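Please read the structure below before turning to the comments.
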Amino acid sequence: MCGIFGYVGRPVDAADMVLTALRRLEYRGYDSWGVCIGVNGHCEIAKSVGKIGDAVLDLPDSGIGFGHTRWATHGGVTRENAHPIRDASGRLAIIHNGIIENFRPLKASLLTAGYHFVSETDTEVAVHLVARYLGDGADAVHVRRATASAFSDLRGLNAIIILDQVTQTLTAVKKVSPLVIGRGPGGVFIASDALALAPHCSEVCYLEDGYIAQLSEAGVGLYRADTDAPVTPTWERLLIDHRAVELGGYPHFMLKEMSEQPEVIERISRDGIEQARQLAALIRESYGAFFLGCGTASYAALTGAYLFSRIARRHVNFVVGSEFMYQEHFLTNRSLVIALSQSGETADVIEPVLAAKQRGARIAALVNVRGSTLDRIADFSLYLNAGPEQCVLSTKAYTAKVANLLLTAHILNGSEHVGRDLLWRAVDGVRSVLTPNFSNAVLAVAERFKHQRSLFVVGRGLSYPTALEAALKIKEVSYIHAEGFAGGELKHGVIALIEEGTPCLVYSPLDETRADILSGAMEMKARGGFIVGISPEEDAVFDVHLPIPDVGDAAPLVMAPPAQMLGYQLALLRGYDPDKPRNLAKSVTVK
Ligand code: F6R
């Protein structure tokens with residue numbers, strides 16, 4: 001969470017450059033933002049609460065600047081709590097991503113020592129600590145050592161950058177929370193995400209834990225954080241085409257990314273075979289495999305568990321990322337942990353993966369962002385190749401995960417060609433639920449539900465995880481309470497909530513679950529539920545039928561887009577921004 005961008009080079013409109021880059025990073029947090037540039041011996045800061053929108057900064061040219069988009073953890077959403085935050089002298093400014101777990105005792109000792117705090121953040125502790133270690137230190141080495149010492153006092157998964165206007169340097173250090181350094185013709189850069197570097201850099205270097213980087217007009221210096229010994233940075237080519245992150249004529253990234261799903265599946269069926277074979281081989285060799293992921297990635301993982309059991313007759317355990325630590329005693333050096341993550345930065349995935357690795361387990365990742373923390377930790381990465389996903393809601397990355405798992409299950413079963421055929425059927429299937437006709441049918445449903453407070457989604461078997469994903473998609477973008485559950489659970493409590501007109505989405509593919517799911521729908525209807533059937537075939541119980549094609553075990557791929565579309569339409573009808581729902585961020589890098 002929190003987007004970070006910094007620049008050192010020749011004097012330019014650095015404030016504008018930083019602000020433009022922050023707009024690209026806003027999906028990481030959009031409670032508030034701030035920019036700092038070094039001018040005439042002091043740190044000039046502009047900050048504001050809310051999204052960046054059309055903000056324009058009127059600051060002089062500068063050869064050094066950095067900025068931050070915040071997702072609040074400690075301290076409310078106020079201008080004072082927005083980053084950058086200055087030290088008392090005004091010489092230093094800090095931007096930070098993470099949570100300083102021991103900030104209370106650190107703050108208490110700084111207060112006793114006479115430091116004055118202007119914000120409620122944990123971040124401010126770090127800048128005062130750097131200032132305390134720095135004292136009168138005048139050169140860049142002093143700044144680097146002071147930053148390294150202060151950072152070693154912090155507990156938690158953090159990344160900090162210190163701007164020092166005396167030495168005109170940016171000094172960066174991190175633990176788990178990502179930072180990427182870039183170099184290009186205009187200067188040197190640093191960001192929380194390589195996407196923001198794409199317009200400026202052709203080469204990047206991922207900052208590793210235990211190292212400290214210092215950016216100056218002379219370039220990038222890299223050092224061991226403990227000894228200050230210099231290290232040669234490893235540069236790699238940046239492979240992101242920055243045009244891929246433009247809206248390209250769509251009104252929202254959510255619609256753009258939903259529309260890309262057929263080509264994502266097509267790419268997997270064409271280019272994804274070798275990766276899926278390698279994953280299948282790892283699963284075959286393992287003794288105990290675990291899927292883990294958070295949010296939408298967890299529902300893709302749960303779908304995978306159903307597909308593996310059904311197609312490959314193989315049990316793969318499923319655990320939600322944040323719960324994994326409580327079950328890790330099952331791990332041995334023959335276990336395989338399969339972590340699913342679009343960003344590759346989710347703290348609730350990274351932490352258990354690191355713990356599993358320490359216990360000797362092998363790590364396979366299904367990840368979209370190359371070079372991300374998960375990608376670099378994993379023994380094997382299966383790249384989703386879904387292209388940059390910028391809407392905070394995950395759509396095409398979910399589809400890519402499920403498509404890869406379907407293919408892998410068939411490879412494990414020795415029926416690779418069936419898996420590929422299913423993917424081809426799914427390509428056409430998803431196209432058919434993205435047509436204007438289908439969208440209009442969904443819009444009519446959205447019009448009917450737009451003032452509702454609650455909505456239920458049911459599925460059984462393979463459609464159960466889809467029901468969970470559908471409910472998540474609808475609730476996070478429309479703010480209507482939506483709950484997904486297994487059809488069989490209806491009479492164990494949930495049916496108490498069904499009353500006249502309650503919206504009920506019912507997934508009913510043509511598989512062994514159909515009879516039971518339809519009888520559950522009857523029970524909801526008998527209590528007044530308004531039934532929207534998402535199914536290849538009409539049934540008398542449906543008040544509205546949204547027809548999807550029958551694609552066999554690829555059903556999860558065609559069942560998710562109608563719910564994505566419903567969430568999108570509901571958000572628009574209710575006046576919300578589908579790309580940046582309240583309280584959310586794309587990369588959840590704090591626990
Ligand atoms: C929902 C959504 C989140 C993410 C979750 C994991 O639309 O986007 O639930 O799926 O935060 O993110 P990744 O896949 O980056 O680990």
Side-chain angles (χ1 to χ4, degrees), residues 2 4 6 15 18 29 31-50 57 59 62 64-140 142-156 158-174 177 590:
C2 300
I4 282 177
V18 173
D31 291 342
S32 52
W33 58 271
V35 172
C36 169
I37 58 165
V39 259
N40 304 330
H42 69 282
C43 292
E44 188 85 38
I45 292 184
K47 18 190 204 181
S48 181
V49 164
L57 295 178
L59 293 174
S62 170
I64 184 164
F66 70 179
H68 185 269
T69 58
R70 179 165 187 247
W71 188 88
T73 56
H74 290 63
V77 180
T78 64
R79 195 182 166 281
E80 291 69 34
N81 292 338
H83 305 194
I85 296 174
R86 259 188 289 244
D87 79 318
S89 73
R91 169 179 174 176
L92 309 174
I94 188 170
I95 53 179
H96 164 226
N97 185 13
I99 293 177
I100 301 172
E101 288 168 6
N102 57 336
F103 93 98
R104 283 178 210 283
L106 291 173
K107 184 167 179 175
S109 101
L110 285 162
L111 284 169
T112 310
Y115 285 82
H116 172 66
F117 280 74
V118 295
S119 77
E120 304 155 331
T121 62
D122 51 343
T123 306
E124 192 175 352
V125 161
V127 76
H128 292 316
L129 279 177
V130 177
R132 180 152 86 171
Y133 280 111
L134 182 58
D136 296 330
D139 61 27
H142 290 120
V143 177
R144 202 163 63 231
R145 292 202 174 150
T147 306
S149 302
F151 193 74
S152 70
D153 289 346
L154 311 183
R155 299 284 158 268
N158 294 291
I160 61 169
I161 306 181
I162 298 287
L163 185 152
D164 173 34
Q165 50 83 16
V166 169
T167 58
Q168 295 281 297
T169 53
L170 294 179
T171 305
V173 60
K174 55 150 293 227
S177 192
V590 294

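Please read all numbers here as calculations on a predicted model, not as lab measurements.
In this structure the side chain of C43 reaches within 4.5 angstrom of the side chain of L163, judged on heavy atoms. Put simply, the side chain of I99 reaches to within 4.5 Å of the side chain of H74, judged on heavy atoms. Taking the side chain as every heavy atom from C-beta outward, I100 and K107 never approach each other to under 4.5 Å.
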Name every donor-acceptor pair, under 3.5 Å, that has one atom in a side chain of residues 125-137 and the other anywhere in the protein, sequence neighbours excluded.
unit_1	atom_1	unit_2	atom_2	d
H128	NE2	H116	O	3.3
H128	NE2	E124	OE2	3.0
Y133	OH	D153	OD2	2.7

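Partner of H83 under the side-chain hydrogen bond (donor to acceptor under 3.5 Å, both in side chains) criterion, chosen from T123, T69, T121: T123.
With values rounded to the nearest 0.5 angstrom, T171 atom OG1 is found 12.5 Å from R145 atom CZ. Rounded to the nearest 0.5 angstrom, S48 OG and L57 CG are separated by 9.5 Å. We find the CD1-NE2 distance between I37 and H42 to be 8.0 Å, quoted to the nearest 0.5 Å. Interatomic distance, SG of C2 versus NE2 of H68, reported as 3.5 Å (0.5 Å rounding). Here the CZ-SG distance, from R86 to C36, works out to 7.0 Å after rounding to the nearest 0.5 Å. Note: E101 CD to L106 CG = 11.5 Å, rounded to the nearest 0.5 Å.
Nearest heavy atom pair, residue A172 against residue I161, reads CB-CG1, 4.0 Å. Here the closest heavy-atom approach between residue V18 and residue F66 is recorded as CG1-C, 3.6 Å. When all heavy atoms of S62 and G38 are compared, the closest pair comes out as OG-O, 2.7 Å. What you find for I85 and S119 is that their closest heavy atoms are CD1-OG, 3.9 Å. The heavy-atom pair separating A72 from V77 by the smallest distance is CB-CG2, 4.0 Å. Between D164 and T167, the closest heavy-atom pair is OD2-OG1, 2.5 Å.
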Next on the checklist: Pair H96, D122 - check side-chain contact (heavy atoms from CB on, under 4.5 Å), show working.
Outcome noted: CA-CA 9 Å; H96 164 226; D122 51 343; 3.7 Å; yes
